[in-house]
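Have a look at the structure below before the remarks.
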Amino acid sequence: MKAFGKVHKYGDNVDTDVIIPARYLNAPDPSELAKHCMEDIDVDFAKNVQKGDIIVADKNFGCGSSREHAPIAIKASGVSCVIAETFARIFYRNAINIGLPIIECPEAAKGIDAGDEVEIDFDSGKIYNKTKGTEFQGQAFPEFMQKIIKAEGLINYINNK
Amino acid sequence: MGMTMTQKILAAHTGLSEVKAGQLIEADLDLVLGNDVTSPVAIGEMKKMKVDGVFDKDKIAIVLDHFTPNKDIKSAELCKCAKTFAYENDITNFFETGEVGIEHALLPEKGLVVAGDVVIGADSHTCTYGALGAFSTGVGSTDMAAGMATGKAWFKVPSAIKFVLKNKPAKWISGKDIILHIIGMIGVDGALYKSMEFVGDGIQYLSMDDRFAMTNMAIEAGGKNGIFPVDDLTREYMKEHSTREFVEYTADEDAEYEATYEIDLSELKPTVAFPHLPENTRTIDNVGEVKIDQVVIGSCTNGRIEDLRIAAKVMEGRQVAKGVRTIVIPATQKIYLQAIEEGLVSIFIKAGAAVSTPTCGPCLGGHMGILAKGERAVATTNRNFVGRMGDPESEVYLASPAVAAASAITGKISCPCELGL
C-alpha cells in the first residue's frame, strides 16, 4: 500500500481543538467535519487540500481532547497519511482505530517542507521526498497494530476475530 | 523487576502475574464512559459490530455534560441519540440534565470508580480517577464502542515518571498550582505515553479535590494516566461515596521510573499558564499587568466544592470588577446544592457573578461563556489552546480558583494576597 501527495506542514503541539474546533462537534458527519479541518491554524486548508495529500508536523501532533472527530476530519479531507516527529497517544490510538495511516519519523518531519511531493510505502515504512530526492525510514507498526490497520480499523478487526 | 502502581493494576486486569513497560495487553474494564460529544460516534461504530448489546449494563456510564443543557438543535440530536441507546440497552448509569454533573466530578461522587479499577472514557480527562488509586485513561469513540461491546481494551503497558511531593504547600497553593508547575517543568509532551505517579509526604496535605485536579491534568503533560497511592483520605472518600470493594496497589520498591522529580510544595507560588499551551507557565509574581474580560470558575478540573469554597472566601464581601464577566459553574448537582446550603452561591451572586447549572460549556468553547476576538479569560479549566474558549484570537489563562476569584475582583490576573488575604 502506498500514498502519494503534496505536503501541508505544521509545527509542534498541533492540538485537536485546532484540527477540529469544538464549535463543530455538534455535527459529527465526516464531510461536515472536513469542511472545518485545521481552520483555526490554517484557514485555507479545507479549500487547498487535495485527495492524497500528506500532513507533516513536528512533535506531539494531536494533543489535547480525545475527540475522534479530529482524525475523522483529517481522513475525510482526503489526507492519505500524517507524518510527525511524535503523536499524542489518544490521537495515535484513534487514527489507527479509524484507519488513518500515521507514521512517526523525526527525520522526515525535519526534512520535508510545505509543498514537497512525498511518497510513502506503508509495507516498508519508507518515506520518499520526490521534490528533494531524499529518503527516510519511518517507524513500522507493531504486528498487533498492523492487524488492526489491515482490517481497516478496530471494529472490523473485532468482527473478524 | 518490580512494577509501578499502574503496572500492577493492569497486570491484575489481564490475569498476568507481571507486566512490563512496552508490553501489549488486553485488559478487562470496570467502567466505560462516554459523553454527549463522543458517545454518538461510538454508538454509530458499535452498530457496525456483530454483537448483541453491551457487555454489562452496569459498567457503562453515559454522561451528557458537554453541550448541555442542549445548546442547539444539533446538540439536542446528539443527546437524543445517546439517550435512545442508553434506554434501549438499559444502561444503569445514564445522566442527563437535572441529574447530570461534569463526568469526572460525577463518577467519583456517585461511587462508580474506586481504587484498583481500570476505566476507559471517551474523554481525555478520564485520567482524573487516578486520584482514587485507579488506572483510568482517555480514549476515542471507537475504543469506547469496542469497550462497551466486549468489556476489554488493548493497552501498551506504560513506563512511568515519579513525582515526589514534599512538605506542606505554601499559602494559596492548590493541586492546580502543583500540576501547572509540573507541566511547566516537563512540557506538554513531557509524560507522553507514560504514567505520572505522585508520591511523597506532601500528599497528606492535599485534599481529594486537590488530587482530582492534579490527575485530571496528567493528559496536559501528554500522560497516559496520573495516579496517587491510597491513603486514609482516599479510603474515607470511597467509603462515603461507594459501596464497592476497592483494591489498593502500591509500587514495588524496585519499580522502574524513567525519571524522578522532587517538588518542595512549600516553595511553590501560585502559577498561571499563559496562552496558548498549558506549559507556558509563570508564577504569579511574573505575570505582569494582564487585563481580563472574563473569569470562569468550574470544569472537571476545578468545579468541586473545595474550589468553590476557596473562590467564595476570596470574593466574599467584594465586587467583581466592572466589565469582567464572572461565571461560576458547580461541577455536579450535589456540589451546586452544597454550595447553596453553605451560602457560597449567595456570595457569588452578591459579588456580581453568574452561577450556572453543571456543564462543560465554556471550557471547550461550547456555550455559556464564549470569548470574542481579542478577549481574555482567566479560567480554572485545563486547556488554553488557540480558540479553545471561542474566537481563535481570544486568550485563555489557566489558574487556580483562588487566583481566578482574585482576578475577577481586580480585573487583571492577580494573587489573592493583592486583596490583603
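Keep in mind that what you see is a predicted model, and the values were worked out from it rather than measured. The basis for the numbers below is simple: all heavy atoms, side chains too, and nothing from hydrogens, waters or symmetry mates. Chain identifiers are assigned alphabetically (A, B, ...) following the order of the sequence lines, protein sequences preceding nucleic acid strands; residue numbering begins at 1 within each chain.
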task: Give the member of A:R67, A:R23, A:K59 that has the highest number of heavy-atom pairs under 4.5 Å with chain B.
output: A:K59
- request: Tell me, out of B:G222, B:S75, B:S141, who's got the most heavy-atom pairs with chain A below 4.5 Å.
  value: B:S141
- prompt: For B:D36, is it the side chain, the backbone, both or neither that has a heavy atom under 4.5 Å from a heavy atom of chain A?
  reply: neither
message: Quick check on A:P21 against chain B: is it the side chain, the backbone, both or neither that has a heavy atom closer than 4.5 Å?
response: neither
- prompt: Closest approach of B:Y193 and A:R89, non-hydrogen atoms and distance?
  reply: CD2-CB, 3.2 Å
field: For the student: nearest non-hydrogen atoms of B:L364 and A:A22, plus distance
entry: O-CB, 3.0 Å
- request: Would you mind reporting whether B:K74 and A:Y24 have side-chain heavy atoms less than 4.5 Å apart?
  value: no
message: So for B:L192, is it side chain, backbone, both, or neither that comes closer than 4.5 Å to the heavy atoms of chain A?
response: side chain
- prompt: For A:Y92, is it the side chain, the backbone, both or neither that has a heavy atom under 4.5 Å from a heavy atom of chain B?
  reply: side chain
- prompt: B:T126 versus chain A, heavy atoms under 4.5 Å apart: side chain, backbone, both or neither?
  reply: neither
- request: Identify the residue among A:L154, A:I155, A:I98 that makes a side chain to side chain contact (heavy atoms under 4.5 Å, CB included) with B:E45.
  value: A:I155
message: Counting C-beta onward and ignoring hydrogens, is there a side-chain heavy-atom pair between B:V37 and A:H69 closer than 4.5 Å?
response: yes
query: Side chain, backbone, both or neither: which part of A:L25 has a heavy atom under 4.5 Å from chain B?
result: both
field: Contacting region of B:V41 [heavy-atom separation from chain A under 4.5 Å]
entry: side chain
statement: One should read off an interatomic distance between B:M144 CE and A:N97 CG, to the nearest 0.5 angstrom, of 14.0 Å
message: Distance check, rounded to the nearest 0.5 Å: A:S66 atom OG versus B:N35 atom CG?
response: 7.0 Å
message: Looking only at heavy atoms and a cut-off of under 4.5 Å, which of B:D123, B:T38, B:V51, B:D391 has the most pairs with chain A?
response: B:D123
message: At a 4.5 Å cut-off on heavy atoms, which part of B:R388 comes close to chain A: side chain, backbone, both, or neither?
response: both
field: Of all pairs that satisfy ring-ring contact (aromatic ring centres under 6.0 Å, His included), the ones with a partner from residues 119-139 of chain A, not counting sequence neighbours
entry: none
- request: Please test A:E68 against B:D143 for side chain to side chain contact (heavy atoms under 4.5 Å, CB included), starting from the C-alpha separation and ending with a verdict.
  value: CA-CA 10 Å; A:E68 203 159 293; B:D143 276 320; 5.8 Å; no
query: Within a reach of under 6.0 Å around NZ of A:K2, are more than 12 heavy atoms found that belong to other residues, nucleotides or ligands?
result: no
- request: Go through the atoms of B:I370 and report whether side chain, backbone, both or neither lie under 4.5 Å from a heavy atom of chain A.
  value: neither
- prompt: Under the salt bridge (Lys or Arg N to Asp or Glu O under 4.0 Å) test, which residues partner B:D56, sequence neighbours left out?
  reply: none
- line: Answer key: most heavy-atom pairs under 4.5 Å with chain A among B:K224, B:K48, B:H276 is B:K224
- prompt: Based on non-hydrogen pairs under 4.5 Å, which of A:N60, A:D40, A:N159, A:N94 is most in contact with chain B?
  reply: A:N159
message: With a 6.0 Å cut-off (strictly less than), is the heavy-atom count around NZ of A:K110, excluding the residue itself, greater than 12?
response: yes
- prompt: Atom NZ in B:K152, atom CD1 in A:I158: separation rounded to 0.5 Å?
  reply: 11.0 Å
- request: Give, for atom CD1 of A:I90 and atom CD1 of B:I219, the distance between the pair rounded to the nearest 0.5 Å.
  value: 4.0 Å
statement: Interface check, chain B: of A:A27, A:G64, A:G153, A:A70, most non-hydrogen pairs under 4.5 Å belong to A:G64
query: Pick one: which of B:H66, B:H367, B:K71, B:E77 meets side chain to side chain contact (heavy atoms under 4.5 Å, CB included) with A:N26?
result: B:K71
- request: Flag the one option from A:P28, A:A88, A:S65 with the top tally of heavy-atom pairs under 4.5 Å to chain B.
  value: A:S65
field: Side chains of B:V188 and A:D15 in contact at under 4.5 Å (non-hydrogen atoms)
entry: no
message: Heavy-atom cut-off 4.5 Å, strictly under: side chain, backbone, both or neither for A:I96 against chain B?
response: neither
